[in-house]
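Some notes on the structure that comes next.
Chain letters run A, B, ... following the sequence lines, proteins first and then strands; every chain starts at 1. Values in this document were obtained by computation on a predicted structure and should not be read as measured data.
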Amino acid sequence: MEYTHKEIEERWQKYWAEKKTFAPKNDTSLPKYYVLDMFPYPSGAGLHVGHPLGYIASDIYSRYKRSQGFNVLHPMGYDSFGLPAEQYAIQTGQHPAVTTEQNIKRYREQLDKLGFSFDWDRQVKTSNPSYYKWTQWIFLQLFNSWYNPETDKAEAIETLIQKLEVGSWKIEGDKKWNELNEKEKSDVLMDSRIAYLGEAFVNWCPALGTVLANDEVKDGVSERGGYPVERKLMKQWSMRITDYAERLLTGLDTIDWSESIKESQRNWIGKSEGCSIRFALRHPELVSGSDNEMLKQVQHDENSIEVFTTRPDTLFGITFLTLAPEHELVSKITTEGNKQQVEAYLNYAKNRSERERQADVKKITGQFTGAYAIHPFTGKQIPVWVGDYVLAGYGTGAVMAVPGGDQRDWSFAKHFSLPIIPVIEGSDIDKEANESKEGKMINSDFLNGLQVKEAIKKIITEIENRGLGKGKINFRLRDAAFGRQRYWGEPIPIYYKDGIPYAVDEKDLPVVLPEVDKFLPTEDGEPPLARAKDWKYQGQYDYESTTMPGWAGSSWYYLRYMDPHNDKEFVSKAAADYWKDVDFYLGGSEHATGHLLYVRFWTKFLKDRGFISIEEPAKKLVNQGMIQGFSAKINYLVSEERKGNAPLTEFNTAPINGKIELIKNLSIKGTYDFAEIFLSADAAEGLHKQFNDYEMEWNKIPSKSHIWNIPIEYVNNDGSLNINLFCEWLPKLEKTRKNAIFICKGGYWRNNDFCSFNSGESDKFFIKQEPEKMSKSKWNVVNPDELVEKYGADTLRMYEMFLGPLEQSKPWNTNGITGVSGFLKKFWKLYLNVSEEKASQAELKVLHKTIKKITDDIEKLSFNTCVSTFMICVNELSDLKCNKREILEPLVVLIAPLAPHIAEELWNKFGHTESVTFAKWPEYKEEHTVENSFSYPVSFNGKTRFFQELDVALSKEDVEKEVMALEQTQKYLEGKQPKKVIVVHKKIVNIVV
RNA sequence: GCGGAUGUGGCGUAAUGGCAGCCGCGCCAGACUUAGGAUCUGGUGCCGAAAGGCGUGGGGGUUCGAGUCCCUUCAUCCGCACCA
């Protein structure tokens, strides 16, 4: 009987769905295990072969855990709010809810075909009001909370109000809480709320018409779409994630996450320890007298400059201060004489986009303000500069410049000819700054002679004693922008009364996303929600019109899966207490500083407020490697001189160079009316060889080489192009077959005819293939559907695992899939004629060896070696012609996590009426794998020469005796006396001569 | 610049400090076939006719023994980056 994957897979997928096989048991006495895949965004492109890699791995692990007796929660759902659907809506006018639903449907069909053991009854969609009701509810908790530094956790805002009422929490300007009006009270509280409305510099993306969070911006452009981003001061809902910076950092040490993710988060949080120092200012026009007198006079000046430094030990090396162009003091302190230049500079700095600024890091710019600060220890005057190498958003937006100890300060000083003082012995300040934290202090008054680390301690104490500043910890992490000027997201449950924001009452949740006529901003620049007609809270108050960012819904979804249908709470206490946290979380590393930071933040917050009991959302996290696609690249030649369809002869008369010669050699002469010349990859290779500097030559001639990505499906297995298919596609690029010529090594193709000029050489047109990220725009997406159709889900599952270690990125290549497909056929064949006979020793040995290896490997998530272990096992059992139930039945249970359909089918054939899902995992019995003898490799000076079979019971001494007595040993000794004989039991014999 | 990861046959890869290359692809030969992108058998790191020698990016070290441990260096990929 043949292995018919299609029929078998459909049958069991249906069975699982009907019997709800994968719903966790409602029995809290069972040990729990929670396996979660990162929330997918249902993109319009559907699933490609890279997506299932992680899902397959987590599915194998889930099924394995079920077989081990765990109550497994393994859910799936959709992060269904987001920008792409909305961009599509803007283009087509279709409601994003409609396209999102279509995409989800397609995703689901594709997922279903792969035989995943998800409990679909728990599916959540973030765009569903029954889900986002609770996202909004959590927002309200965040709004109604503040971070109490004394208890080091978030508390209800009421506890802050109490402190304000009794005056134990100070309000800026020493005002009294009870004397404040409604607006002022709101403002005061807003300064502490964890979700707050505040004015801040944000990443504004004009093309997308919205603000983006820091992690959504890469290299100065938006991560989605690659549109330019600019800094803009805006009133904006934000999350005070910075209050959690320290806990987010230390928490990393408690979780088993990949080192690279933890490191990314550490970098992102960017903790640095140092101290703040206040520099008094001196206006030359205003103050006169000796340096020391001035110091006293200006000590308490409001307009002092506060800096943050991690190297207070270098304080005596300060030769100037630099302010960020955005620093508020710049305009206040600039002297009349410098006003013009400084203003011009500020204007220049302002108009440089973030991208430009980042791109030309090396360009040093700045201006002297004319103002001086006073060195707090020496009393000397220090010029104050403004420079855009200082970032407004970090620290205080001002630095004390120590060109002797900081390379950026050094470069600035060199550029503007400012003095440089070495402060560490042995610094060669003519060449570069000495940033080392090792060495002895010099030129530093009372710090002289101290080691850097001692000096840091001493100076901080001194600074604190003199009241100039204090030891301080600074974080790079910024508060997260939470409002998006977009339509397709959760409405923020806030309304405005007399311009004051208030929380929507819990009983009025969800605030449902209103219908709008267009998904665009209003004429006066308000977000799309402002278009909604008659959308008022309690019929009279304006709602907040920004929506939440994509990460809102995904910051707590793992909790909702525990209790997805609860309409009283976001998760019941009982469910949260049982399922606690995610035991095994699998997903891509691209979420390192976005989702994975926010989900930790919300988890900590929800714990602080007593809603859940865990501090971290996921104990263990693994990043599956990215599966890249193979892009097909074609060499495409255009002569710039040959405009339009000008004849090729013109091209031929160009100066002699590589390509012209080639074209000549290929004898394509005369006048042709083709315009597109495509060059086979092997012909292009030839050019490389022929002319050393092909690329350079290429640029000299009046033609241009272009490389195009073309659809990968037009490439044959041998790497050659299917020219016919390709030509049918050409019109999409406004090119035609008629105008195209394909040059191969042995001739050229034109209009379906091959013209040979070099007989014996290939007439194939080769395409260069390169691995790249799979993306629709690169035409290299391979989707799993066809593979499932052809080979079956079990084969695809095993093949994806067989590709290599889970965490390693690799290009997708279908070449090896026949090996796995053949394996499953061979596996199936073992079961054609099962006998009840007792198994032989040899057969039992194979089985138990396999049980041990598979169990160990699944535990280690080493799924690639699992597949090869099964192959070895099946090869060996086939050689033994094994058909014993005693062997084959446990083997079914063993393979079920990887190839669940075939396993169910065979399990069923054994007469079981229950799913193999809950069959007990086979137990490894060592007695079946022990050997009586071992074939010792006998080596001389570490080089293996022959093997000797010996009883394992023999002691080391006996082994040595036996081996030394051998004729072969004597032969290799060549009459010499061995210096030493090393015997490792059941491993090796090494004779040192 | 900082951090992370990876370097092993033609390719994907495998090896608790103990026979390097398991398993699969590809390739070669053969069997069965009208046929093979089906199935089965055998072979396949490199050099060499063979004996044998050489081999895990390079160089050094520890060890009886190193792909594996240590030092150093190179290359590739990924992340972060004017963070004071």
(Q) Less than 4.0 angstrom between a side-chain N/O of A:Q265 and OP1 or OP2 of B:C80, yes or no? (A) no
Give each protein N/O atom lying under 3.5 Å from an N/O atom of nucleotides 23-25 of chain B, with the pair distance.
residue : atom : partner : partner atom : Å
B:G24   : OP1  : A:N875  : ND2          : 3.3

Q | Among B:C82, B:G65, B:C19, the nucleotide that comes nearest once only the side chain of A:T944 is considered | A | B:C19
Q. Should B:G9 be called syn or anti, with syn set as within 90° of 0?
A. syn
**Q.** Contact under 4.0 Å: A:R266 side-chain N or O vs B:C80 OP1/OP2
**A.** no
Q: Report which part of the nucleic acid A:N813 touches: base, sugar-phosphate, or nothing (heavy-atom distance under 4.0 Å, all strands).
A: nothing
Q: Answer yes or no: side-chain N or O of A:N267 and base N or O of B:C80 forming a donor-acceptor pair under 3.5 Å.
A: no
**Q.** For the student: nearest non-hydrogen atoms of A:I463 and A:S276, plus distance
**A.** CG2-O, 4.1 Å
Q.
Quick one, A:K849 and A:E876 - any side-chain contact, counting heavy atoms below 4.5 Å?
A. yes
Q: With heavy atoms under 4.0 Å as the rule, sort A:L803 into base, sugar-phosphate or nothing.
A: sugar-phosphate
(Q) For a quick check of understanding: with a heavy-atom distance under 4.0 Å over all strands, which category does A:P811 fall into, base, sugar-phosphate or nothing? (A) nothing
Q. Rounding to the closest angstrom, what is the interatomic distance between B:C19 and B:U56 at atom C1'?
A. 15 Å
(Q) It should be established whether A:K980 places a side-chain nitrogen or oxygen under 4.0 Å from OP1 or OP2 of nucleotide B:C64. (A) yes
